[in-house]
Amino acid sequence: MTGLLLWAQWRQWLHTWLARRRVPAIVVVSLAALSFATVLTIFGYAIGRSASLDAIRPLAGLALPAVVILVILADLPQVYGQLYVARDVELLFTLPIPTRSVFLVKYLQTLVVGNLLTIPFVLIPLIGLGVGAGAHPVYYPAVVVVVVTVVAGAVAISYLVTLTLVRFLPRKRLNELIVVFQALTGLVAALFGQVFRYSDQLDRATDVLPVAPVWLPTTWGAIALERLARADPIGILPALGVIAISGGLLLLSMTMVERGFRLGWVRLSEGGRRKRPARERAASHAPLRGPIAAIAAKEITMLRRNIREWMALLPMLVFFGIGLFRLVTGDGGTIARDNPTASWLIAQGGLLAVMVVVVPAFAAPTFARDGLATWVIRTAPLSGWQIALGKFVVYWGLMAGFVVVADLIAAVILGWPLLRIAQGVVVAAILLTGAVALAVWIGTFGARYDPQNPHNQLRTGAGLLVMGVAAVYFLVTLFPALPAMVPTSLEPVLAGIAPAASGWAGVAVRAVLAAVRLKIAHPVLAIWLGTLWLVAIGLGVAAFALWLTARRVDAGIQIEIVERG
Amino acid sequence: MRGNGRGRVSGQDGSPAIRAVGLTKRYGDFTAVDHLDLVIQPGELFGFLGPNGSGKTTTIKMLTGLLEPNEGTAEVAGFDVWREPLAAKARFAYVPDEPNLFPKLTGREFLHFIGSVFRVPADVFERRSRDLLALFDLTDSIDDLIETYSHGMRQKLAISAALVHDPEVIFLDEPTVGLDPRSARTLKTLLRRVCDSGATVFLTTHILEIAQQMCDRVGIIQQGKLIALGTLDELRERGGQAGASLEDIFLELTGGAESAELIQALAEGERSGAR
């Protein structure tokens with residue numbers, strides 16, 4: 001029966017891929033995967049070259065538990081979706097198929113498809129490490145077995161945790177918990193990404209890395225790899241231990257299948273809606289709005305009630321929080337408070353960088369968010385302009401609001417003068433008009449609605465395009481406007497750093513210095529020219545992008561609806 | 001079948017409520033709707049029937065501007081749905097077969113949204129929404145999020161939203177699917193009353209009894225082509241089947257009669273096999 005289900009699943013994937021026929025997307029993904037694999041291989045190889053076979057145990061001893069944590073966090077939302085949300089479960093439960101078979105197929109689906117990126121993320125560097133350190137050929141099959149087994153164990157833990165949580169938590173709490181796990185996955189992945197920052201210290205890797213405790217099964221995997229790299233047959237024993245632990249975890253999760261999966265699904269499907277007594281809310285007496293305000297109110301209400309949508313803002317909060325923490329603590333805080341002008345400029349630059357990432361991620365999926373209910377908008381007597389404006393106002397307002405709050409917090413801590421705060425807020429507000437409008441416009445291409453994965457609301461091409469366009473827009477709008485914003489008091493500081501600065505930082509410093517010198521030579525002209533440029537480009541781009549959006553809306557936007565089997 | 005109501009004049013002077021001329025939709029080599037010509041007068045309750053995959057939903061989507069036809073034109077209340085979309089949309093309401101609404105809004109907020117979009121005066125909106133909610137037994141759940149509604153409740157809310165702005169033309173795709181018998185009866189009575197007051201209803205249904213009881217005229221579509229159009233009496237006359245039910249006529253026209261014979265042969269085969 002399991003084989004039959006796997007065949008059905010395989011046919012579904014095959015038909016999905018064949019039906020999509022997205023050659024450009026496949027090429028982009030393949031190239032990205034190739035680059036990713038190359039970087040990882042070089043990284044592992046470089047460590048192996050500089051640290052020999054001794055590096056295998058400490059590195060694998062840390063890499064394997066790290067991947068376990070990542071897999072558990074990343075797979076929990078997937079597992080929840082596979083077991084309790086996927087549309088095929090209802091049908092499968094009505095067929096004479098053992099629940100365990102259904103469960104096993106779901107498990108394999110998560111292991112293979114859900115970890116397409118995670119497994120190579122740890123496997124490739126470990127292979128590179130082996131090549132660099134001159135490991136025995138037996139090391140390579142062993143590393144594949146150990147990594148896949150460790151990941152399989154981690155997936156089993158994800159299933160165990162989900163099956164347990166479902167027995168005790170109501171659906172609403174589960175949904176919230178899943179969002180938290182998604183956020184944590186992003187943070188953990190970002191932390192793991194920091195490892196590449198230490199690539200210049202590869203030769204000291206074995207000296208500085210902590211040693212993982214030996215009672216951890218992942219450490220057994222590391223010991224097995226080190227032994228087998230030296231062609232020591234004893235290495236097979238700890239490898240068998242890892243396999244036994246992973247198998248045990250899978251068996252344990254399978255014992256919970258009836259109560260956790262089938263009865264859990266039944267309980268969640270029943271829902272917990274209680275009939276509430278009739279009551280009139282204030283909203284019922286609120287005056288009816290105009291069409292643009294109605295669109296904006298609908299948008300903001302839907303955003304407010306869906307915590308998942310706000311996850312796009314998480315990078316902004318994290319980076320802002322880390323940046324502020326660094327500025328406030330240590331010597332940096334004193335320097336920043338002593339030089340409010342410089343700290344203001346750095347903070348605005350930082351905020352801008354965050355905006356390049358956050359605005360597209362938050363505003364571009366606005367049409368995708370209408371999802372299955374998009375017919376309501378399309379059959380309503382609303383012009384493209386009204387819809388585009390209603391949506392634009394919400395995202396512009398939210399983004400501008402975040403900038404104001406961030407600027408105010410930083411201003412209080414770093415002691416910026418009032419004029420500087422106002423200047424930062426006004427510039428950001430104008431800049432955001434164009435950025436948000438561009439994101440909304442690009443969101444009309446490649447909108448995708450995936451109810452289970454709010455981060456998957458744009459097709460790959462549109463997602464990349466919106467980021468690139470946002471970056472170019474900010475550069476084009478801001479750099480010619482620099483003379484209007486940069487304080488002249490920075491001239492000596494910039495003149496001091498400019499000769500030593502190199503690369504992109506050097507170009508940026510020299511550009512700012514040139515702007516400051518222009519402002520010193522022709523203060524009124526520089527301020528007027530810069531301000532005019534900013535306003536003209538910011539508002540001009542906004543108007544043009546909204547016009548394009550309106551046209552696209554009038555022509556009818558197609559949203560790809562992702563259905564999970 | 002009932003006689004036409006003529007309570008009010010719909011849309012532009014003298015123009016029909018719905019007019020489709022040569023409406024065609026192709027997907028590659030497959031023609032879903034093939035040169036459909038249709039005129040429906042104001043106050044008419046029109047039933048659009050056809051087997052699964054015959055092109056009913058495609059037609060309704062072209063008439064409501066959700067699908068662009070490859071050929072032909074669609075007019076609602078005298079306004080071309082593609083050339084003057086806003087004027088047309090201001091005059092019709094649409095209830096799809098799968099009532100997907102904004103899940104994170106409450107029922108009341110959704111009605112409010114529709115009222116705002118159609119610029120319904122506040123007092124009129126309050127009165128109509130109150131009446132419709134009471135009629136469809138939604139008053140108790142109107143402040144719950146739509147995501148907690150059952151299919152039937154969403155269907156009733158979609159119908160209430162369609163009626164709250166008093167449209168001239170109402171398109172309903174399989175409106176009785178998911179409704180409990182009481183709500184289905186309420187809907188039938190309401191639609192008849194709406195038509196008697198001069199509005200036009202265009203509905204698709206698989207339940208031929210409903211079409212027979214309610215509709216002034218029916219159109220039968222098969223493989224994208226309109227194969228029959230008229231009142232029940234007209235269809236009977238044309239087929240030479242005096243006293244035939246709409247089901248008989250439908251099965252005769254769409255080849256269902258052959259299926260019935262096959263089913264009978266199959267049943268007989270099974271019985272003889274069992275012996």
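Just so it is clear, the values below take in all heavy atoms, side chains as well, and ignore hydrogens, waters and symmetry mates.
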Side chain, backbone, both or neither of B:Phe171 within contact of chain A (heavy atoms, under 4.5 Å): neither
Taking all heavy atoms of B:Lys156 and all of B:Phe136, pick out the closest pair and write down the distance. NZ-O, 3.2 Å
If I measure from the heavy atoms of chain B, does A:Ile295 come under 4.5 Å with its side chain, its backbone, both, or neither? both
In short, B:Ala93 meets B:Pro167 closest at the heavy-atom pair CB-CG, 3.7 Å
Between B:Leu111 and chain A, which part of the residue has a heavy atom less than 4.5 Å away: side chain, backbone, both or neither? neither
Checked A:Ala294, A:Pro381, A:Ser383, A:Gly556 vs chain B; the most non-hydrogen pairs under 4.5 Å come from A:Pro381
Quick one: what part of A:Ala555 sits under 4.5 Å from any heavy atom of chain B, side chain, backbone, both or neither? backbone
Which one of B:Phe113, B:Tyr94, B:Phe102 has the most heavy-atom pairs closer than 4.5 Å to chain A? B:Phe102
Between B:Arg128 and B:Leu163, the two heavy atoms sitting closest are CD-O, 4.2 Å
Under 4.5 Å to a heavy atom of chain B? For A:Ala297 that would be neither
Tell me if the centroids of the rings in B:Phe92 and B:Phe202 come within less than 6.0 Å of each other. no
Any Lys/Arg nitrogen of B:Glu71 or B:Arg26 sitting under 4.0 Å from an Asp/Glu carboxylate oxygen of the other? yes
Salt bridge B:Asp97-B:Lys56, side-chain N to carboxylate O under 4.0 Å: no
Count the heavy-atom pairs under 4.5 Å between each of B:Ser129, B:Gly65, B:Pro96, B:Ala88 and chain A, then report the option with the highest count. B:Pro96
